[in-house]
Amino acid sequence: MKSFETLSRSLNPSQREAMETLSGPLLILAGAGSGKTRVLTYRTANLIAQGLANPEEILAVTFTNKAAREMEGRIAALLREIGIPVHGRLWVSTFHSICARILREHIHLLDYQPFFGIYDSSDQLSMIKRVMTALGIDEKTHPAKGFQARINAAKTEALSPDDVKDRRHVMDEVSHKVYSRYEGEMKRANSLDFGDLLLKTYLLFKDYPAVLESYQSKFKFLMVDEYQDTNRIQYLLVQTLAAKHRNLCVVGDEDQSIYSWRGADITNILSFERDFPDAKVVKLEQNYRSTKTIIRAATKVIKNNTQRKDKTLFTENDDGDPIVAREESNEYDEARYVVREIESLMNEGDFDYEDFAVFYRTNAQSRVLEEQFRVRGIPYKIVGGMKFYERMEIKDVIAYMKLVLNPADDVAFKRVINVPTRGIGKATVDRIEEIAAAKGAGMVESAAWAVDHRELNPAATRKTREFLLLLQGLREKARALTLTEFYHAILDDTSYVRRLKDEDNPDADGRIENLEEFDNAIAKFEEERGEEGTLQSFLEEMALVQDADDVEEGQKTVTMMTLHISKGLEYPVVFIVGMEESLFPSGRAADDGDPFAMEEERRLCYVGMTRAEKKLTLTYARARKVWGADQMNPPSRFLKEMPSECVRFETSMSRPRFMRAAYAAGGGKAGYSKSGTSGGDAFGGMPNYEDFGDGPFDDPSDDALSDAFDGAPTGGDFKKGMKVRHPSYGAGTVFQTEGSGPDLKVSIVFGDNTVKKFVAKYARLERIT
DNA sequence: TCACAAATTTTTTTT
DNA sequence: AAATTTGTGA
């Protein structure tokens, strides 16, 4: 056993300073790869070792469950290593999990039932649609997703319907109406959405000082990781909880703030010193993770941002290999290239599968990669993405569970009332819903009433009664059986699996497999939690812990994920695919009204690059299918921002085969010779960026290749919200599009509120960026 | 009421 | 290209 002293000697002076600053407010500005987790781990161990706190008096908040698990594991391991006996468990979790835990105990004070359900985004959307129907709002003119976004935004700002009422700039009248009604319906359904978990906890603290006080006293020490990505409500929660002891340690890096679209407010970290004038600030600037080359390139890229403190990351690591920027013809070749590279590095024997990671901007990009990994028999796992529990059959079963636990859950009720089909159609459901609305009651209750009062036709009455009896039976079983047994009861009583087998749907086998996998997951959960493994806690975990399926034990695999999920992780070899304008940076960042949207994309690039320890490869494709249509976009501007001495450009594109493709896509008049990459030598350096133009849409020159790329389908592509200029009407905004390709018609609202419809191909519309 | 066909929309990013 | 919503006829 080593002593804590010996171990902590390995920390550098700043790290040590952070570790030794235990009381009072502390801001740790931790650059990428600067050993942040290590510092937090040591600091926590130090708190316990010094006898300042018991584990259960420390609250550590992380951004993802993955990070929480990792940190908890590392702290436990360290404490074991230095031989500190630990009684009690640390509270290491996400804001949402902590809040769910707190609410489970106190939510009765807010007049909810303790068995409240949690609505994920799709449940939330169903509820919003339901509210819209009730209010007679047309989805065509008012997309439900818009209300969802506004409601969630209000909640992260801690604004109730009443609060937004007089703030028309925050929410228009219709949205306010929807929000109010939505809140009412959620309350009646005894359910909380993600935003509610935080907001209701905050309100609980506000309305019940005694409850707040108990938590303030309990948590003597607070740590918040990824502080740059906290939003308003999270900020308020932190301030509130820390108010008593003021032992608040926040850690973050403004260059890694990538969640502003979720309300993350970078000023929280930038103004920490204003909130706590006596705060100690420690900067961790030495990177231990990556090669000099990678650090140099990443630093150069991030320097293009204005929204940052000028901090300098440095490393004493080796120069390492150059970053490779690889051009391929399309996303399939791109995927094949990645797979080939992994195979060849594996053959050299320096790496193992688990050393590789592939990052992409959008989840949709994983499909092609996955295909190629399968073809070549390389083990892989995808983190995030289409989550297991989002699959139809899993959601169905979960809906049954939710409904059994919380009969007021109308979204769950509507989901399962005719699943598997039992002859209860839309008419019946609508009728029940009508009754429910009239009575201000839940649908289960209303359905029972309708059956008793013969409000439905005989056939519907009979079927509905049967369904209600089924639910009743399940409710009793839930009480008497274990979780696993209860799960089986659901499948049996609803004949779910049997019905799947009967219908000759080609997906049926996969679905049944998923249900079996779910069975295992439930069993495992039960085993792990023991007494605590209740139906409520299981559903809570299902809703909040989305990456539950990445625990493929022992298997060494390549990991794939979005750039967002990659934050906080590190891998010896990293590939970032799809380095193209419109994809990464996202097309929305370029023409969004927010001038800082591009900076956030750049931070995302910075995050991705700094995950790599030894080797970093960036790939881009000349053409890529987007929504089933070919799109050609120039290489990402971020590639251009990297110092050329750090990057080696490679291409597979000097063959004539592609020239013809580019030629064809360009509409027949362009040639490819201009870029002059004939022959196989050195690829003519990298493809000349000038040939692509600076961005996807700017300044279409006469350049032949530029035409070939910029004039492709992308050029005539107008989307909702886009700002455009018409030669005679002036500037306006696209608010509707119909048709596609040459038939695309766009409706545009001009400054004076007039609306004109154009055939995009003929109208001389110009995009304004 | 339901199965199937047709039309329409979807892609940022996550708790 | 895939998923979801809407329409249609039995």
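Quick note on labels: first sequence line is chain A, next is B, and so on, each numbered from 1.
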Dump the pairs, protein N or O against N or O of nucleotides 1-8 of chain C, anything under 3.5 Å, distances to one decimal.
{"residue": "dT5(C)", "atom": "OP1", "partner": "K129(A)", "partner atom": "NZ", "Å": "3.3"}

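Closest approach to the T562(A) side chain among dT11(B), dT13(B), dT1(B) is made by dT13(B) (side chain taken as heavy atoms from C-beta onward). Minimum atom distance to the side chain of H96(A) is reached by dT15(B), of the listed dT13(B), dT15(B), dC2(B). Candidate nucleotides dT14(B), dT1(B), dT11(B) were compared by shortest atom distance to the side chain of H564(A), and dT14(B) ranks first.
Contacts of F219(A) classified as ring pair (Phe, Tyr, Trp, His ring centres under 6.0 Å), with partners at least two apart in sequence or in another chain: W91(A). Every side-chain hydrogen bond (donor to acceptor under 3.5 Å, both in side chains) that S260(A) has, sequence neighbours left out, goes to E600(A). Annotation: ring pair (Phe, Tyr, Trp, His ring centres under 6.0 Å) contacts of F116(A) (sequence neighbours excluded): none. For K145(A), the salt bridge (charged side-chain N to carboxylate O under 4.0 Å, His left out) criterion is met by no residue, not counting sequence neighbours. For N304(A), the side-chain contact (heavy atoms from CB on, under 4.5 Å) test picks out R602(A), E641(A), with sequence neighbours left out. With sequence neighbours excluded, the residues forming a ring pair (Phe, Tyr, Trp, His ring centres under 6.0 Å) with W261(A) are Y259(A), H564(A), listed by chain and number. In terms of the ring pair (Phe, Tyr, Trp, His ring centres under 6.0 Å) criterion, residue partners of F525(A) (sequence neighbours excluded) are, by chain and number, F538(A).
Judged by distance alone, the side chains of K402(A) and S191(A) never bring a donor and an acceptor atom under 3.5 Å apart. Judged purely by distance below 3.5 Å, without hydrogens or angles, the side chains of Y496(A) and D396(A) pair a donor atom with an acceptor atom. Donor-acceptor pairing under 3.5 Å is recorded for the side chains of Q124(A) and Q148(A).
Taking only side-chain nitrogens and oxygens, S121(A) never comes nearer than 4.0 Å to OP1 or OP2 of dT15(B). Phosphate contact (OP1/OP2 of dT1(B), side-chain N/O of N457(A), threshold under 4.0 Å): absent. Residue N363(A) has a polar side-chain atom (N or O) positioned under 4.0 Å from OP1 or OP2 of dT13(B).
Each of A460(A) and T362(A) was assigned the nucleotide of DNA chain B with the nearest heavy atom; the assignment lying further toward the 5' end belongs to A460(A). Along DNA chain B, the nucleotide nearest to F63(A) and the one nearest to A427(A) differ in position, and the one closer to the 5' end is contacted by A427(A).
The gap from the C1' atom of dT6(C) to that of dT11(B) amounts to 22 Å, rounded to the nearest Å.
Between the P atom of dT15(B) and the CZ atom of R101(A) lies a distance of 19 Å, rounded to the nearest Å. Counting to the nearest Å, the P atom of dT15(B) and the CZ atom of R232(A) are 24 Å from each other. Between K463(A) atom NZ and dC2(B) atom C1' the separation is 11 Å, expressed in whole Å. Atom NZ in K145(A) sits about 18 Å away from atom P in dT8(B), given to the nearest Å. To the nearest angstrom, P of dT14(B) lies 12 Å from CD1 of I382(A). Spacing between atom NZ of K155(A) and atom C1' of dT15(B) amounts to 14 Å, rounded to whole angstrom units. Taking atom CD1 of I102(A) as the reference point, atom C1' of dT15(B) lies 16 Å away to the nearest angstrom. To the nearest angstrom, P of dT14(B) lies 13 Å from CZ of F359(A).
Using a 4.0 Å cut-off on heavy atoms, the residues of residues 252-264 of chain A that approach DNA chain B are Y259(A), W261(A), R262(A), listed by number.
The residue F95(A) sits apart from the nucleic acid: no heavy atom pair falls under 4.0 Å. Using a 4.0 Å heavy-atom criterion, one finds that T428(A) contacts the sugar-phosphate atoms exclusively. Using a 4.0 Å heavy-atom cutoff across all strands shown, K567(A) reaches no nucleic acid atom at all. Within 4.0 Å of D193(A), counting heavy atoms only, lies no atom of the nucleic acid at all.
By the 4.5 Å heavy-atom criterion applied to side chains, N152(A) and F194(A) are not counted as neighbours.
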